[in-house]
Amino acid sequence: MKKKWFAFLSFMLALSLLLVGCNSDRASKSGGNGTRLDIFSWWTGAGEEDGLKALIKLFKEKHPEVKVENAAVAGGAGTNAKAVLASRMQGNDPPATFQVHGGAELNDGWVAAGKMKPLNELYKEEGWNDKFPKELIDLVSKDGNIYSVPVNIHRGNVLWYNKRIFKDNGLKAPKTFAEFFKVADQLKAKGITPLALGDKEPWTATQLFEDVLLGTLAPDDYKKLWTKEVSFDDPKVKEAVKTFKKMLGYINKDHSSRNWQDASQLVGKGEAAMNIMGDWAKGYFVNDLKLKVNKDFGWVTTPGTQHSFMVITDTFGLPKGIKNEDDVMKFLSLLGSVEGQDTFNPLKGSIPARIDADPSKYDAYGRLTMKEFKKARITPSLAHGSAAPEGVVTKVNNAVNIFVTQQNEAQFIDALKTAASELK
């Protein structure tokens, strides 16, 4: 009997040690005092990772009692992270807070699914309602409630160009489609690739197309595409498709095997003259290629969009079902502050979402873009999930990808109409 009792005690001791070990592992993962503040994003590249680390460092200095985890997921320009996030959200295991684009990606995705809590009180307490442009607050709002905090602003309608190529050939950066094609013809005649494209990931070609749409339709009608007030068989859309097709006649032959960085690199190294890309390309030029702003490369808005601002904004919100709301609210408060935005954005290569940030902390591109952001018409990006839900974006990406190869205008218009039929 004693032997059996001793064996039982030994078993219970071993089991308790095992449970202590497991609990210890959980404690270390959760920060030891309950629940960790895991900040979920896809910021793992040059510039963006530096900005995120600086933001986390600042937060730790202000709130040393909070255990923070950088839960960034690399790869696929955010697609990998979004897949992991979807799995976690569906499994009722949301991160404490996560990166999401303002607009349809936020509102028609996680808000519509009932996964987010409103932040109206936070905006009121922090006095943010007049610190972010109204059109931007609208992008992170649904049914009268605000659901996330914008940390940055990227501009999607930017044409980058190699200054040496333009100077050597006596060219000026084009501001209209007519000027673009005139410059492109001159470059092509001299054996220079006029326009670099890297559409290995299809969103890059979609971004080029949306900029052509904006330059052709102007902001009001462009935005009406996503509310179904303007149809995709509208004469102006057909004109934009023709312009897009013509532009594709000036791109590099190896475009389908390149990503956006590869295309930007062609311009940076003088192997192509122009590239249409969001202003994260500036961060790539400066941080990776070590090029000088306004010396090695220049920029203008894409043709016909001088007074428009195709906005891509990264935001963070408050998921339902988390246990550390107070810590998240502390992080969101820092995220929306002048100090937080001016810590993050100069490293990221973006501009602050607030209109009262300090321009002296930004380079020539940043300062000019901050001025234009205050007065330009803000339009949502389709390619980056702000203008339309994910299902529509996927269908448009597929349609654009086929069009780049086959260039059948009627087929493309039909595919766009089919995609738009899913809009609410």
Side-chain angles (χ1 to χ4, degrees), residues 41 43 45-55 57-58 99 101-102 128 131-133 135-136 139 149-163 173 175 207 211 260-261 264 267-268 274-302 305-316 334-381 384 386:
S41 75
W43 285 329
E48 60 189 18
E49 183 179 28
D50 294 335
L52 177 59
K53 286 181 175 178
L55 195 60
K57 181 174 182 280
L58 178 63
Q99 177 186 2
H101 289 135
W128 287 346
K131 298 300 187 292
F132 298 105
E135 287 179 295
L136 183 61
L139 271 182
V149 180
V151 64
N152 69 349
I153 295 294
H154 275 298
R155 191 174 202 171
N157 57 314
V158 188
L159 183 150
W160 307 95
Y161 63 97
N162 183 290
K163 296 207 73 166
K175 295 182 179 180
Q207 183 168 324
D211 283 347
W260 74 263
Q261 294 99 326
S264 297
V267 174
M274 297 177 285
N275 174 227
I276 291 176
M277 183 47 57
D279 56 13
W280 46 89
K282 188 214 74 174
Y284 178 72
F285 286 142
V286 173
N287 296 322
D288 289 67
L289 302 186
K290 309 303 179 186
L291 302 179
K292 301 294 183 184
V293 175
N294 239 344
K295 179 180 179 183
D296 298 313
F297 65 93
W299 68 89
V300 290
T301 52
T302 53
T305 70
Q306 287 88 334
H307 304 296
S308 302
F309 200 111
M310 186 74 81
V311 70
I312 298 101
T313 180
D314 294 300
T315 76
F316 289 78
L334 177 66
L335 203 69
S337 70
V338 170
E339 183 181 11
Q341 304 222 338
D342 283 345
T343 295
F344 174 78
N345 286 294
L347 294 171
K348 174 70 163 67
S350 46
I351 65 168
R354 292 182 64 123
I355 59 175
D356 59 343
D358 183 358
S360 70
K361 295 184 180 295
Y362 297 83
D363 60 24
Y365 174 83
R367 291 192 297 272
L368 179 62
T369 306
M370 287 169 73
K371 286 183 180 178
E372 293 179 347
F373 178 59
K374 292 178 182 179
K375 59 185 180 181
R377 294 290 308 281
I378 293 176
T379 55
S381 167
H384 298 280
S386 295

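- Lys348 and His154 are linked by a side-chain donor-acceptor pair at a separation below 3.5 angstrom, with hydrogens and angles left out of the test.
- When side chains are defined from C-beta on, Gln99 counts as touching Phe316, because their heavy atoms get closer than 4.5 Å.
- Using a 30° and 60° split on the angle between ring planes, Trp260 and Trp280 fall in the perpendicular class, above 60°.
- Taking every heavy atom of both residues into account, Ile153 and Ala353 meet most closely at CG1-CA, 3.6 Å.
- Remark: the Glu372 side chain and the His307 side chain contain no N/O donor-acceptor pair separated by less than 3.5 Å.
- Atom OG of Ser264 is separated from atom CD1 of Ile276 by 11.5 Å, given to the nearest 0.5 angstrom.
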Kindly determine whether Met277 and Gln207 satisfy side-chain contact (heavy atoms from CB on, under 4.5 Å), including the steps that lead there.
-> CA-CA 7 Å; Met277 183 47 57; Gln207 183 168 324; 4.1 Å; yes

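- In terms of heavy-atom proximity, Leu136 sits nearest to Thr313 at CD1-CG2, 3.9 Å.
- With rounding to the nearest 0.5 Å, the separation of CD in Glu48 from OG in Ser41 is 7.5 Å.
- Tyr362 and Asp342 share a side-chain donor-acceptor pair at under 3.5 Å.
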Checking side-chain contact (heavy atoms from CB on, under 4.5 Å) for the pair Leu334/Leu58: CA distance, chi angles, key distance, verdict?
-> CA-CA 9 Å; Leu334 177 66; Leu58 178 63; 3.7 Å; yes

side-chain contact (heavy atoms from CB on, under 4.5 Å) between Glu49 and Leu347: does it pass, once the steps are laid out?
-> CA-CA 9 Å; Glu49 183 179 28; Leu347 294 171; over 6 Å; no

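- For Gln306 (side chain) and Lys175 (main-chain N/O), a donor-acceptor pair under 3.5 Å exists by modelled atom type.
- Between Phe297 and Trp299, the ring planes are tilted. Angles from 30° to 60° get that label.
- Here CZ of Arg155 is found 8.5 Å from CD1 of Ile351. Values are rounded to the nearest 0.5 Å.
- A donor and an acceptor atom, one from each side chain of Asp314 and Asn152, are located under 3.5 Å apart.
- With contacts defined as side-chain heavy-atom distances shorter than 4.5 Å, the pair Phe309/Glu135 does not qualify.
- Using a 4.5 Å heavy-atom cutoff, the side chains of Trp160 and Asp279 are in contact.
- Nearest heavy atom pair, residue Val151 against residue Asn345, reads O-ND2, 3.0 Å.
- Residue Val267 comes nearest to Tyr161 through the heavy atom pair CG1-C, 4.0 Å, listed as atom of the first residue, atom of the second, then distance.
- Heavy-atom minimum distance, Ala376 versus Ser308: CB-C, 4.1 Å.
- In this structure the side chain of Trp128 reaches within 4.5 angstrom of the side chain of Val149, judged on heavy atoms.
- Contact of the Ile355 side chain with the Pro133 side chain is registered, since non-hydrogen atoms from C-beta on lie closer than 4.5 Å.
- For the side chain to side chain contact (heavy atoms under 4.5 Å, CB included) test, residues two or more places apart in sequence or in another chain that qualify with Ser386 are His101, Pro380.
- Residues Arg354 and Phe132 share a closest heavy-atom pair of CG-CE2, 3.6 Å.
- Proximity of a side-chain donor or acceptor of Thr369 to a complementary backbone N or O of Gly366 within less than 3.5 Å is not detected.
- Remark: His384 NE2 to Ile312 CD1 distance equals 4.5 Å, nearest 0.5 Å.
- Using a distance-only test at 3.5 Å, with no hydrogens or angles considered, no donor-acceptor pair links the side chain of Gln341 to the main chain of Val338.
- Here CD of Glu339 is found 10.0 Å from CG of Leu55. Values are rounded to the nearest 0.5 Å.
- Counted by atom type alone, Asn157 and Thr301 present zero donor-acceptor pairs between their side chains at under 3.5 Å.
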Check residues 281-289 and write down every donor-acceptor pair under 3.5 Å in which the side-chain atom is one partner and the other belongs to a residue at least two apart or another chain.
from, atom 1, to, atom 2, distance (Å)
Lys282, NZ, Asp363, OD1, 3.4
Lys282, NZ, Asp363, OD2, 2.8
Asn287, ND2, Gly283, O, 3.1

